[in-house]
Amino acid sequence: MPDAAPAVDSVDAPYADAVVLDNPAWHALTGPHASFAIGGDLVRRYPEDVAPFVAVRTWDDPHTWDALAELVGPGAEVGLSAVQGEIPGDWEVLGYGEGVQLVQTPALQPRPFEEAVELGAADAEDMLAIVARNQPGPFRPRTHELGRYIGIRREGRLVAMAGERLHPEGWTEISAVSTDADYRGQGLASRLVLDVAYHIQQRGDRALLHAAGTNTGAIAIYERLGFALRRRTVFAAVRTPGAAADGEV
């Protein structure tokens, strides 16, 4: 296990100068999603039932790690994106992974999907179930409050879904892209992504996506739709110092 988090691998790509995309969770929590923010000037997070993301303003401040530990508590497991510098020795490193960030290009041709239905609080149980079946990424009981979510129902069952998650100023992330196994190969996920992107652009924002670096199939689909790789990042899973309180993970 390395002593320090691997460096971010920046690439020469579209919107390379869009600073908010270098730290999208922070710029969401200090911008359009500020009403969800818990924390202070160095570290912020979403409520646990909304999203698991913890955002750091800068890794250069010597107080960042202490502020992070105070915010999430002792013995807590935390996922951190684009960690820079040394991880303190009293923090346990649980593992590393690679992610990619993709952004819209002029090749993207978004359009509405007439069969799609908007999803909300009444659909939360079904949304959690389709995420559990397909594992597109983190999704919590109130994640749907972060933006517009849509889906496809067949015989009453939610079989495909996509929606909006992080919202740094001027950009909106498309997330939770899911299609049940029996309904794949019909282009449902692609058409949902294009619909979400259409409504993002209609309000004047641009669309972005995040994916695990190992999810090469999804990345290839997004590139065919008109998204392009902007940057690669390394994320770290760590555990804060100390023992978790009774009843906490």
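Bear in mind that the values here come from a model prediction, so they are computed numbers and not experimental data.
Remark: side-chain polar atoms of T240 are paired, donor with acceptor, to backbone N or O of A76 under 3.5 angstrom. Between the side chain of S178 and the backbone N or O of P136 there is no donor-acceptor pair closer than 3.5 Å. Remark: the backbone N or O of T179 is paired with a side-chain donor or acceptor of R184 at under 3.5 angstrom. Without hydrogens or angle criteria, T105 side chain to G226 main chain gives a donor-acceptor distance under 3.5 Å.
By the criterion of side-chain heavy atoms lying less than 4.5 angstrom apart, applied directly or through intervening Ile, Leu, Val, Met, Phe, Trp or Tyr residues, V196 is grouped together with L209 in one hydrophobic cluster. Taken together through direct or relayed side-chain contacts under 4.5 Å among Ile, Leu, Val, Met, Phe, Trp and Tyr, V131 and Y183 form parts of separate hydrophobic clusters. Put simply, Y149 and V177 are part of two different groups of oily side chains (I, L, V, M, F, W, Y) that touch within less than 4.5 Å, one to the next. In the hydrophobic clustering of ILVMFWY residues, with side-chain heavy atoms under 4.5 Å counting as a link, V234 and L68 come out together. No single ILVMFWY cluster, assembled from side-chain heavy atoms under 4.5 Å apart, contains both L29 and V78.
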Hey, mind stepping through L80 and W59 against side chain to side chain contact (heavy atoms under 4.5 Å, CB included) and telling me if it holds?
CA-CA 11 Å; L80 301 172; W59 295 105; 3.8 Å; yes
Please lay out, stage by stage, how M127 and L158 fare under the test side chain to side chain contact (heavy atoms under 4.5 Å, CB included).
CA-CA 8 Å; M127 299 168 80; L158 184 63; 4.2 Å; yes
Full working for side chain to side chain contact (heavy atoms under 4.5 Å, CB included) between E98 and T214
CA-CA 8 Å; E98 184 184 88; T214 55; over 6 Å; no
Hey, mind stepping through R157 and D180 against salt bridge (charged side-chain N to carboxylate O under 4.0 Å, His left out) and telling me if it holds?
CA-CA 10 Å; R157 179 184 174 92; D180 281 344; 3.5 Å; yes
Evaluate V238 against E77 for side chain to side chain contact (heavy atoms under 4.5 Å, CB included), listing each step before the verdict.
CA-CA 6 Å; V238 299; E77 294 185 12; over 6 Å; no
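Of all heavy-atom pairs between L192 and A162, the closest is CB-CB, 3.9 Å.
Taking a cutoff of 4.0 Å between a charged side-chain nitrogen and a carboxylate oxygen, R148 and D195 qualify as a salt bridge. A salt bridge does not link D182 to R154: none of the charged nitrogens lies less than 4.0 Å from a carboxylate oxygen. Residues R140 and D49 are not paired through a salt bridge, judged by the lack of any N-O separation under 4.0 Å between the basic side chain and the carboxylate.
Between the CZ atom in F36 and the NE2 atom in H167 there is a gap of 10.5 Å [rounded to 0.5 Å]. How far CH2 of W26 is from CG of L166: 14.0 Å, rounded to the nearest 0.5 Å.
Crowding of Q201 atom CD: a count of heavy atoms from other residues, nucleotides or ligands under 6.0 Å exceeding 12. The local environment of CD in E223 is crowded, with over 12 non-hydrogen atoms from other residues, nucleotides or ligands closer than 6.0 Å. A 6.0 Å sphere centred on CG of D90 holds more than 12 heavy atoms belonging to other residues, nucleotides or ligands. Heavy atoms of other residues, nucleotides or ligands lying less than 6.0 angstrom from CD of Q135 number more than 12. Applying the 6.0 Å contact sphere to CD of E48 captures no more than 12 heavy atoms from other residues, nucleotides or ligands.
Ring centers of Y46 and H33: under 6.0 Å apart, within the cut-off.
For the pair R239 and W91, the cation-pi criterion (under 6.0 Å, within 45° of the ring axis) is not fulfilled.
Residues L119 and M161 form a side-chain contact, since some pair of their non-hydrogen atoms from C-beta on lies under 4.5 Å apart.
Partner of Q101 under the side chain to side chain donor-acceptor pair (under 3.5 Å) criterion, out of R232, H210, R231, E173: H210 alone.
Counting only N and O atoms by type, the side chains of T172 and R203 include a donor and acceptor under 3.5 Å apart. For R206 and Y15, the side-chain atoms include at least one donor-acceptor pair closer than 3.5 Å.
Note: Y222 and F227 have perpendicular aromatic rings, judged against thresholds of 30 and 60 degrees for the angle between ring planes.
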